[in-house]
Amino acid sequence: MSKRVYIESYGCQMNVSDSEVVASILAKDGYTSVNSAEEADLVLLNTCSIREKAEYTVLQRINEMNNLKARNTGLKVGVLGCMAERMREDLLEKKKVVDLVVGPDAYRSLPELLDKVGTGQKAVNVLLSREETYGEIIPVRMDTNGVSAFVTIMRGCDNMCAFCVVPFTRGRERSRDAHSIVGECQDLVTKGYKEVTLLGQNVDSYKWRDQRAKETAQVVDFADLLEMVAVACPDLRIRYSTSHPKDMTDKVLKVMARYDNICKYIHLPVQSGSTAVLQRMNRGYTREWYLERMASIRRHMPDCAISTDIIAGFSGETEEDHQQTLSIISEVGYDMAFMFKYSERPKTLAARKYPDDVPEEVKGRRLQEIIDTQREASRKRLSTYVGRTFDVLIEGVSKRSTEHMYGRSSQNSIVIVPRTNRGEELEPGMFVRVTIHGSTAGSLKGEPVGPVEEAMLNA
Ligand code: 5AD
Ligand code: SF4
């Protein structure tokens, strides 16, 4: 019997990475991955609960599965990830088309659950774990350009930000074996990858000790891990996400500054510019603390780019609080930001303690002002790169013009360059030295200068 699986990922990079682990577990169980739901015997939706809208999108997609099942009666549909964890058996009740519900820590049980589904029963496993890291599973890379890959270094989150559902959907924080992380990165290098992004909800609290060595073993923290990867893979570009302002140490900044192959880019979510709001959000830092961390980044790496996440209209946010968010955007000068309207999530501290009291139209207006302010900040920031030269890792053909390629600088700016350089075609995976001659709020334009060299990593 043929076993063809199609996995669709929603939400964060962590979900993309998890889908690759799922693909690996299923490959061992005899499944081959296909590229569309129409070709599949099994469709798995790896879902996100972060905002109500994210869940709504998935619920719509689940409805579409009814049509597919009508045409292919053997088709099985599974829901994985954060919505599976949050909604559990309710999902089977609400959506009859769903056969299988599996939470983020239960993917190893997929083969048994699928056996059960094969006999016409429904199957659920949403047990969270304190240990599971899928450490030794070699992910099957999907949707990849063959240039950059994600490597999960830790799972779960112990922070309890008042707005966030993640601690409930992904459970307690645990760190993956440092040696298995380094091994996976080395394996990526041998497969021709040029860049990794180390993933965790809060990478700064990465902490791992070799259990076999017991007390004698040194604790490996995030700075140590970064250094281990940078040394083991000198030709690999290294990125990571996400940092937490309350935990980001100067030790990490020093390691970043020391190694050319660690990208000069930090995603440092601020969420709000108002200390009062940050306190209610339970973020564990003040506006001043955040700005001090920013100053430290700039002291260690004057060229480091910063991006952020911002929430508009959290419970109790006043006009004055909102103005403070606008002012921190201009003060920091972010390269890029992800901006959202606050969406109350069940079970969270905020849902239990704070009313969702900022009217929808006020949230909308504030979000628009945040977007406008950020666009201006990005435009200004990116214009400072004009006239400078960066090493760009080419990722693919530009979406706007087949005569151009796009890539990224160490600072994570998207850089557009002509496809041919002195008669030589640029290919994904090449490093090119580029002088920037134009900028917008979202990307840079440049010309390659000098010969194209592979593995030239100077920032
Ligand atoms: N409403 C709106 N945005 C949220 N985020 C997390 N939870 C919520 C929520 N309930 C945003 C935060 C976080 C990013 C991943 O999503 O800004 O950093
Ligand atoms: Fe990722 Fe959070 Fe969405 Fe889960 S809820 S998929 S952890 S963004």
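Values below: every heavy atom of this structure, side chains too, minus hydrogens, waters and symmetry copies. Remember, it's 1-based here, ligands and their atoms both numbered in the order they're listed.
Counting only N and O atoms by type, the side chains of Gln324 and Glu320 include a donor and acceptor under 3.5 Å apart. Side chain to side chain, Asn15 and Ser9 fail the donor-acceptor criterion of an N or O pair below 3.5 Å. Under 3.5 Å, the side chains of Ser205 and Glu173 contain a donor-acceptor pair of N or O atoms. The closest side-chain donor-acceptor pair between Ser17 and Thr152 falls under 3.5 angstrom.
Considering backbone and side-chain N/O of Tyr342, none are found under 3.5 Å from N/O of ligand 1. Distances between N or O atoms of Cys164 and those of ligand 1 include no value under 3.5 Å.
Atoms of ligand 1 found under 4.0 Å from any heavy atom of Gln271, numbered from 1 in the order shown, are 12 (C), 13 (C), 17 (O), 18 (O). Which parts of ligand 1 touch Lys341 is read off a 4.0 Å heavy-atom cut-off, strictly below it: atoms 1 (N), 2 (C). Listed by number with element, the atoms of ligand 1 under 4.0 angstrom from any heavy atom of Ile50 are 5 (N), 6 (C), 7 (N), 8 (C), 9 (C), 10 (N), 16 (O). Here is the list of ligand 1 atoms found below 4.0 Å of a heavy atom in Arg345: 10 (N). Less than 4.0 angstrom separates some heavy atom of Ile311 from each of these atoms of ligand 1: 3 (N), 4 (C), 5 (N), 12 (C), 17 (O).
For Glu344, the closest heavy-atom approach to ligand 1 does not fall below 4.0 Å.
Note that Lys194 lies outside the cation-pi zone of Phe431, set by a 6.0 Å cut-off to the ring centre and a 45° limit from the axis. By the 6.0 Å and 45° rule, Arg51 stacks over the aromatic ring of Phe340.
Counting heavy atoms under 4.0 Å from ligand 1, residue Thr348 does not touch it at all. By the criterion of a heavy-atom distance under 4.0 Å, the side chain of Phe340, and not its backbone, is placed next to ligand 1.
Listed for the Tyr134 side chain is a donor-acceptor partner under 3.5 Å among the backbone atoms of Tyr107. Formation of a donor-acceptor pair under 3.5 Å by the Ser315 side chain with backbone atoms of Pro355 is found in this model.
The heavy atom nearest to atom 15 (C) of ligand 1, considering only Val166, Asp356, Asp309, is found in Asp309.
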